[in-house]
Amino acid sequence: MKPFFLRGLSLQYRLLLAVLFCLALVLLNDKLAPARAMLTTLVSPIQYLAAMPSALLDNLSRNLATRQTLLAENDALHQQQLLISERLQRLEHLEQENQRLRTLLDSPTRQDSRRMVAEVMSVDQDPFKHLVLIDKGSRQGVYVGQPVLDGKGVVGQVVEVGQTTSRILLISDLTHAIPVRVARNDVRAVAHGSGRTDLLELSHVAMNTDIEVGDWLNTSGLGGRFPEGYPVARVTEVERTEGQTFAIVRAEPSADLDRLRYLLLLWTEEAPE
């Protein structure tokens, strides 16, 4: 590459040429403006292309951060909804109980039980078994026989516990039975699973039992497995056939047994230490 100044020129002459060149650029600055604008226009697409990868990466990182934030907020809201639903279920029962027992000033107060939110990992593929797998196990204190709820009512109970996972037997399973009580009049019965997620059956209900379509069935607390007062099902059909010993009573579970995702584990007084 040839030098800007010739080697034969003296330093003073070189300095003079540089000063004159700078003065010329200063004097011609306005006249060179269109040329600079044209060069800027020609170079701008290259600048956009050079900046594009950085802009794409920035947008992608912002989108990923926003998605992660929304997912975290969604999970937190689901857990909060479950906790609030459980409190509302207890409150409804306590209000009914308070009306019957408000004259008993020395009655013991109920203490809130320990609760934990779990997520359904999978559903058993056996059509004759209604089981789901959750992401909580013995490390979190889960135990066999532990009652499980969703946002609307009783789901079932824990039947198998591993270190980090557990299996839940749904109330709709043919082998499951749960003591219930009619919220309207405290009539007690036992609700059995039918093998269908949308149907429970009440066994050995006498023909003259005061139970009607639309009655809500809550846990009775008998047997010590399920705490008292949580919604189980709503009566949808009552058949009283003349000559039969027992009426046929069918009910629809309160919980969404076919759309389970988040569940609530309860610790009762009978929970192992």
Side-chain angles (χ1 to χ4, degrees), residues 81-102 104 107-115 130 145-158 168-173 175-194 196-206 208-238 246-260 262-271:
Q81 180 187 7
L82 275 175
L83 293 173
I84 293 174
S85 298
E86 188 271 340
R87 292 191 183 102
L88 289 175
Q89 293 173 34
R90 282 301 275 180
L91 179 60
E92 182 177 355
H93 168 69
L94 291 176
E95 287 178 349
Q96 296 175 359
E97 186 178 70
N98 185 53
Q99 293 177 0
R100 295 190 295 266
L101 304 178
R102 57 187 175 182
L104 302 178
S107 60
T109 58
R110 294 178 178 269
Q111 301 295 327
D112 289 338
S113 60
R114 177 187 170 194
R115 298 176 294 273
H130 290 193
Q146 185 169 11
V148 183
L149 311 175
D150 73 350
K152 295 183 179 179
V154 176
V155 168
Q157 60 180 293
V158 178
I168 310 299
L169 182 68
L170 304 184
I171 59 175
S172 58
D173 189 271
T175 63
H176 193 279
I178 178 172
V180 296
R181 183 175 64 182
V182 179
R184 177 173 56 87
N185 54 16
D186 288 342
V187 169
R188 288 183 172 85
V190 176
H192 290 271
S194 66
R196 290 171 45 184
T197 57
D198 61 345
L199 179 64
L200 298 180
E201 297 176 345
L202 273 62
S203 59
H204 304 100
V205 177
N208 60 350
T209 301
D210 182 13
I211 186 168
E212 302 173 355
V213 173
D215 282 340
W216 283 100
L217 306 175
N218 296 335
T219 51
S220 66
L222 296 179
R225 183 60 56 89
F226 293 91
E228 181 183 4
Y230 288 101
V232 176
R234 183 179 63 86
V235 176
T236 57
E237 185 179 355
V238 179
F246 301 107
I248 299 175
V249 181
R250 298 184 177 92
E252 181 182 7
S254 303
D256 294 326
L257 300 181
D258 57 344
R259 295 188 297 274
L260 297 175
Y262 292 99
L263 301 178
L264 196 65
L265 299 168
L266 296 183
W267 272 258
T268 62
E269 295 179 357
E270 290 77 14

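For the single chain, residues carry numbers from 1 onward in sequence order.
Judged as a salt bridge (Lys or Arg N to Asp or Glu O under 4.0 Å), and not counting sequence neighbours, the contacts of Arg234 are Glu252.
Not one N or O on the side chain of Asp210 forms a donor-acceptor pair closer than 3.5 Å with the backbone of Asn185. Although no hydrogens or angles enter the test, the distance criterion places no donor-acceptor pair under 3.5 Å between the side chain of Thr197 and the main chain of Asp258. Listed for the Gln146 side chain is a donor-acceptor partner under 3.5 Å among the backbone atoms of Leu266. With hydrogens and angles disregarded, a donor-acceptor distance shorter than 3.5 Å links the side chain of Thr219 to the backbone of Gly229. In terms of modelled atom types and a separation under 3.5 Å, the side chain of Asp173 and the main chain of His130 share a donor-acceptor contact.
The residue from Thr209, Val180, Ile211, Val205 that alone fulfils the side chain to side chain contact (heavy atoms under 4.5 Å, CB included) condition with Val187 is Thr209.
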TODO: Decide side-chain contact (heavy atoms from CB on, under 4.5 Å) for Arg250 and Leu199; before the verdict, give the C-alpha distance in whole Å, the side-chain angles of both, and the deciding distance to 0.1 Å.
DONE: CA-CA 7 Å; Arg250 298 184 177 92; Leu199 179 64; 3.6 Å; yes

Open item on the list: Run Ser254 and Trp216 through side-chain contact (heavy atoms from CB on, under 4.5 Å) and show every step you take.
Closed with: CA-CA 9 Å; Ser254 303; Trp216 283 100; 3.3 Å; yes

Open item on the list: If you apply the rule side-chain contact (heavy atoms from CB on, under 4.5 Å), what do you find for Arg181 with Asp186, and how did you get there?
Closed with: CA-CA 5 Å; Arg181 183 175 64 182; Asp186 288 342; 3.4 Å; yes

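With rounding to the nearest 0.5 angstrom, the CG atom of Asp215 is 11.5 Å from the OG1 atom of Thr236. Taking CZ from Arg184 and CG from Leu217, the interatomic distance works out to 10.5 Å, rounded to the nearest 0.5 Å. In this structure, CZ on Arg196 lies 9.0 Å from CD on Glu201, to the nearest 0.5 angstrom. To the nearest 0.5 Å, the span separating CG on Leu260 from CG on Leu170 amounts to 6.0 Å.
Of all non-hydrogen atoms in Gly145 and Arg225, the two that sit nearest each other are O-CD, 2.7 Å.
Between Pro147 and Val154 the shortest side-chain heavy-atom distance does not fall below 4.5 Å.
Under the 4.0 Å criterion applied to side-chain N and carboxylate O atoms, Asp150 and Lys152 are not assigned as salt-bridge partners.
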